[in-house]
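Naming convention: chains lettered A, B, ... in sequence-line order (proteins, then strands); numbering from 1 in each chain.
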Amino acid sequence: MALPHDPDPKLAQYAHPERLVTTAWLAEHLDDPGLVVVESDEDILLYETGHIPGAVKVDWHTELNDQLTRDYLDGEHFGALMRAKGIGRDATVVFYGDKSNWWAAYALWVFSLFGHADLRLLDGGRAKWEAEGRPMTTDAPERAVTDYPSVERNDAPIRAYRDDVLAHLGEPLIDVRSPDEFSGRLLHMANYPQEGALRGGHIPGARSVPWAKAANEDGTFRSRDELEALYGGEAGLAPADDVVVYCRIGERSSHTWFALTHLLGYEHVRNYDGSWTEWGNSVRVPIERDTEPG
Amino acid sequence: MTETPLPAALAEIVDLFATSPPRDRLELLLEYAQGLPPLPARLAEHPELLEPVPECQSPLFVATDVDDGDRVHVFFDAPQEAPTTRGFAGIFHAALDGLSVEEVLAVPGDVTSRMALTEVVSPLRMRGASALLARVQRQIRERVSAA
């Protein structure tokens, strides 16, 4: 059973207010049956140091990715993961995490590939919940195993592969990495590991809109007007556009995918999760290294 | 292929991780994160003396010292919200602090892969741990050659 939507006025401005919840709403609904809170972090141990009471942990790297092929779980393994985590197919799932919800948005996007209906993000993520002094616990959640079915993953509507991007050249592309990664000066994010890209730069024609521009200082999303000025104004996108977003492995671009799809109501946004760690290593794909879109 | 022998404390830690069930390895890493001692005041007040380790996903800073008895001392600083990074730092602090220069330099670079953490932490996150050891060893090497 899906939970009621968060009626907070800040959320009402967005195209799909039902996709976000505030910390206050979550605190009030924590014990509701039908709700599962999922923490997804960059740091794999952060959950163990304390988490929102009842929240289950889903790790992007060790749980959502196939450990052999560079791909996500298939429907059978995703179903098994959901059953083990105690997440039912009709559950309302609220994601939150560190780093302004990068990995929470990424997990939400991966869950979307499996057509899970009610997926929401906690506006402001883990940092806001903690900053407000809300309860945290190290107690392991007790959730009963569910009967989550094996559902076919449906990538096409929201996921782009390398060849899709090649066919998309000339259409709107948003590069959400930092300006130095976009220009080719850096092969990776400042202060992050070099993940092995052999070439620096960006996909030809991409517009640079660093993901963080969509977030306020406290990690919450900017207002709808600000987001429209950013993506519609500066980046020149229109809600009916066919848009592909990318970063280095698809996590920061999941955050942007969420903003475009759920907050602004764009209907054709795909996340290219191969991103720069694939494109920057691919033989004979075109690359640009200037700072202006081509 | 024979593996390079490890200093006793490090060998014990590697063994502890390798013989723990996967589920317990994260808990163990968390204990090392919690056991990482705070920086001594002289370093806490002078962060410029610490070297950043950019290979770690979260900010990590390292400083080293060799005392009159040729013993190595290592100092790490990482934010509380980065427990994995703190855990690696805690392991190396427990394993290396107080060893001789020779012993620290002899630690093989592949030691982190022997810890059986890769499958629970992921290879990408393990890179930071290897980089951390490499920084410590480079600093010590520079210190010794400058002396």
Side-chain angles (χ1 to χ4, degrees), chain A residues 39-51 57-68 70 84 96-103 106 125-131 136 138-140 178 180-181 186-197 219 248-252 275 277, chain B residues 17 20-36 47 50-62 76-91 112 115-135:
Chain A
E39 174 161 345
S40 276
D41 296 318
E42 176 168 293
D43 193 302
I44 193 167
L45 269 180
L46 195 54
Y47 172 90
E48 277 77 7
T49 66
H51 50 81
K57 168 183 171 179
V58 173
D59 184 60
W60 63 282
H61 212 307
T62 59
E63 293 183 315
L64 293 178
N65 278 281
D66 184 277
Q67 295 303 300
L68 189 57
R70 183 173 172 187
Y96 76 100
D98 60 356
K99 302 263 170 178
S100 299
N101 275 336
W102 283 359
W103 307 97
Y106 181 83
R126 181 179 165 106
K128 186 160 194 284
W129 181 275
E130 276 194 301
M136 301 287 273
T138 53
D139 294 346
S178 58
D180 281 344
E181 293 170 275
L186 281 184
L187 280 172
H188 55 96
M189 230 187 307
N191 301 322
Y192 267 65
Q194 154 61 307
E195 283 151 326
R248 63 188 177 122
I249 53 172
E251 91 294 12
R252 286 174 286 177
S275 277
T277 49
Chain B
F17 275 98
S20 300
R23 194 172 282 274
D24 294 346
R25 287 179 210 152
L26 281 184
E27 277 303 317
L28 207 49
L29 188 60
L30 185 58
E31 283 170 27
Y32 279 100
Q34 288 158 346
L36 179 68
L50 295 149
E51 179 184 344
V53 182
E55 291 87 348
C56 283
Q57 291 212 338
S58 299
L60 171 69
F61 298 89
V62 54
F76 300 108
D77 191 27
Q80 292 292 342
E81 63 271 18
T84 302
T85 300
R86 288 183 68 84
F88 295 146
I91 287 173
T112 51
M115 235 169 263
L117 268 170
T118 307
E119 61 183 284
V120 289
V121 169
S122 88
L124 186 62
R125 289 165 171 141
M126 286 308 291
R127 279 195 215 172
S130 320
L132 196 161
L133 173 64
R135 300 269 158 165

Q: Take B:Glu81 and A:Asp98, measure what side chain to side chain contact (heavy atoms under 4.5 Å, CB included) needs, and give me the verdict at the end.
A: CA-CA 9 Å; B:Glu81 63 271 18; A:Asp98 60 356; over 6 Å; no
Q: Name the region of A:Asp41, side chain, backbone, both or neither, that has any atom closer than 4.5 Å to a heavy atom of chain B.
A: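 The answer is the backbone of A:Asp41.
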Q.
Working note: A:Thr62 + B:Val120, criterion side chain to side chain contact (heavy atoms under 4.5 Å, CB included); need CA distance, chi angles, decisive distance, verdict.
A. CA-CA 7 Å; A:Thr62 59; B:Val120 289; over 6 Å; no
Q) Looking at B:Pro83 and A:Asp43, what are the two nearest heavy atoms and their distance? A)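 Minimum heavy-atom separation between B:Pro83 and A:Asp43: N-OD2, 3.2 Å.
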Q | A:Leu45 to B:Leu30 - nearest heavy-atom pair and separation | A |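 Taking A:Leu45 first and B:Leu30 second, the nearest heavy atoms are CD1-N, 3.8 Å.
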